[in-house]
Amino acid sequence: MARRNTPGGLNWQRCALLRAINRPPTAVVANDSGLVVGGRLRRAKGAAGSPSLWQRCALLRELKLPPTISITEAGNVGGRLCRAKGAAGSPSLWQRCALLRELKLPPTISITEAGNVGGRLRRAKAPSGAQRLALTVPAVLAALLALAPVAAVAQQEDDVPAGEQAVAELVALDDYGAGKASDLPSLPGLFQRALEHDAELARQRYLLEATEQESDLAFSQLLPQVSATGGYLYQDSTNIQTSPDDFGLDQPAQRPGEIDEHYWQLSLQQPLFSLERWRGLDRADAQIGAAELDLALAERDLALAVSEAYVNAFLASRKLGLLGAQQESLELQVRQARRAFELGVGDRLNLLEAQSRLDQAIADTVQAENELDDARSELERLTGVLPDFDGRQLGDLSAVSLETKWDGEQQWLDRTGNSLDVQRAEAEREIADSDTRVRRSGYFPELNLNLSYSDRVSDDVLRESEDYRAVVELNMPIYRGGYTMANVRQGELRTRASQQAVDHQRSLAAQEVRTRLRSLSGSVRRMAALEQAIASSELFLEAAERGEQLGLRDLVDVLDARASLYDQRIQYVDTLGSYVLDRLMLQTAVGELDSEDLAQSMALLSRIAGAAP
């Protein structure tokens, strides 16, 4: 049989028309324009001229038809019936051509989209869709029965029907990823484990404990400072009092030359007035407040890191399930396209397009696998456990209930003062301000009370003593080379810098609120549109499957519709993940993120996972 692909897209299957009009199906007619085999038109190799020239072949002579019949761009005999370029009218009009009249066949024969005469008449895939032309002969039932074997042969060769294995694989796609839904790991539970396991959070706890000692250090400067000293002294001296003979004096020694001496002293110093030390208490309190906020920020960042890794792992696992089903569908589509191409009724472009989509699905699957491994690895680093996200079933997307009514933008902006980032900047400003006040205290005097008691026991009675002292001491700084002035100026500039940091953090928090509100609103609208698109795609898939059962569509159309549905579901899952993270970030921007928000996020994901929240 001649090759089925004809130039110019005239790729209609050979039908039983020749046999129906009692023409030899094996006739081979050649002329200078083209070649016909069994009623099939194809352009002779190397033939020149436009399609209208090589379409006019020797078929008319072979069929011994009247010379008034012509084969043009509007149709041909025993081959393709197509609409003439630029012709007007509905398909039913241009499908009913003058073929019946020219062939002088009974008027009961009609050309429809669902019938056939002695075989199926089908046009190859074209941009306008798969429109099938057929001939029905209700008035000559006997002729149809007689031509049934020929029809079977023609249908097998030209329609490339799906085999039993392909049909079984198509049915199996509906059950891909089905099974008992596995419960999701607990997001609040993972966060609790992260609070106990994360090394960065443990570091912040130790830093807080260390900073808390600043308060005791500052307060200690206001309490009495008590100290005790003691010592032992051995002395061997030679002088006029200890050895007068050595100096030519005839008198007894007044003091011993060798002495052993023990002494000790107890002293107490109590600041009566020290502005620098009192203000140091305020500075210590400000430092402790900043350290507490650092710990709160570390916990918040940990919660966001766990939540982001959790959502990424969930999305990757569900995308893997959808991509796996899509890949199975595309593999079946490639096999069908390759089969059609090998039989000569398919288009190489369709095969290449199907293969390209399959390759892209494989690449997306690899990326999703990497994303799942990365997210699980991040959770293991943060929590010390490796959670299981193997369940890839995607539940009913209509079960997702999103919050669509939010407070006004100004209400959210008014709450940005509760942001931990803003509060941390304010704490830093308070530290700088208190430090500046401590520096200014260098201009003020200090008043101290000093008390002491000392006792000395010695072999020299003249060195023995027992002393009691009480001293009130005033220290007034007068000139220190400009140190105090420069020190105060440095503190004031740091205070101004910290104020600018507060304004910057407030601006960032406000911008974060606006961004997250817009993103949430966009996600809600996008998910609503995707829900409509998914519903429409499901209806289209059902129609394609029904059409394939009735012979109006082929398996490739069904698989293409199914692949498009998978794409839309993947987009829906991605958008839902963005919605969950945006909502958590919005709560973070106003300082209201807590464990309840994590539980709500997990419950939302559980609804589309087919698992119990």
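Just so it is clear, the structure is predicted and the values come from calculations on it, not from any experiment. Throughout, residue positions are numbered sequentially from 1 according to the sequence presented.
- Partners of Glu409 by salt bridge (charged side-chain N to carboxylate O under 4.0 Å, His left out), not counting sequence neighbours, listed by chain and number: Arg514.
- Contact annotation: the side chain of Leu565 never approaches that of Arg562 to less than 4.5 Å [non-hydrogen atoms, C-beta and beyond].
- For residues 296-305, the pairs satisfying salt bridge (Lys or Arg N to Asp or Glu O under 4.0 Å) are Arg300-Asp421, with sequence neighbours left out.
- Ser377 places no side-chain N or O within 3.5 Å of a backbone atom of Asp373 that could act as its donor or acceptor partner.
- Shown here are the side chain to side chain contact (heavy atoms under 4.5 Å, CB included) partners of Arg348, two or more places apart in sequence or in another chain: Phe341, Leu352.
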Report task. Could you walk me through whether Glu592 and Asn418 pass side-chain hydrogen bond (donor to acceptor under 3.5 Å, both in side chains), step by step? Result -> CA-CA 8 Å; Glu592 297 177 0; Asn418 299 326; 4.7 Å; no
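- Between the side chains of Thr211 and Gln287, no donor-acceptor pair of N or O atoms lies under 3.5 Å.
- For the side-chain hydrogen bond (donor to acceptor under 3.5 Å, both in side chains) test, no residue two or more places apart in sequence or in another chain qualifies with Gln411.
- What you find for Leu302 and Ala194 is that their closest heavy atoms are CD2-O, 3.5 Å.
- Shown here are the side-chain hydrogen bond (donor to acceptor under 3.5 Å, both in side chains) partners of Tyr579, two or more places apart in sequence or in another chain: there are none.
- By the salt bridge (charged side-chain N to carboxylate O under 4.0 Å, His left out) test, Glu292 pairs with no residue at all, sequence neighbours left out.
- Considering only residues two or more places apart in sequence or on other chains, Asp433 meets the salt bridge (charged side-chain N to carboxylate O under 4.0 Å, His left out) condition with Arg437.
- In this structure, the side-chain hydrogen bond (donor to acceptor under 3.5 Å, both in side chains) partners of Gln499, at least two apart in sequence or on a different chain, are Arg429, Asp503.
- Evaluation of the ring-ring contact (aromatic ring centres under 6.0 Å, His included) test over residues 506-565, restricted to residues two or more places apart or in two chains, returns none.
- Annotation: side chain to side chain donor-acceptor pair (under 3.5 Å) contacts involving residues 519-529, sequence neighbours excluded, comprise Ser519-Asp582, Ser521-Arg525, Arg526-Gln571, Arg526-Thr575.
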Got a list of side-chain donor-acceptor pairs under 3.5 Å for residues 305-316, not counting sequence neighbours?
| from | atom 1 | to | atom 2 | distance (Å) |
| --- | --- | --- | --- | --- |
| Ser307 | OG | Ala303 | O | 2.7 |
| Tyr310 | OH | Pro185 | O | 2.5 |
| Asn312 | ND2 | Glu308 | O | 3.1 |

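- With 3.5 Å as the limit, one finds no donor-acceptor pair spanning the side chains of Gln192 and Glu196.
- Here the closest non-hydrogen pair linking Val422 and Thr416 is CG2-O, 3.7 Å.
- Considering only residues two or more places apart in sequence or on other chains, Glu214 meets the salt bridge (charged side-chain N to carboxylate O under 4.0 Å, His left out) condition with none of them.
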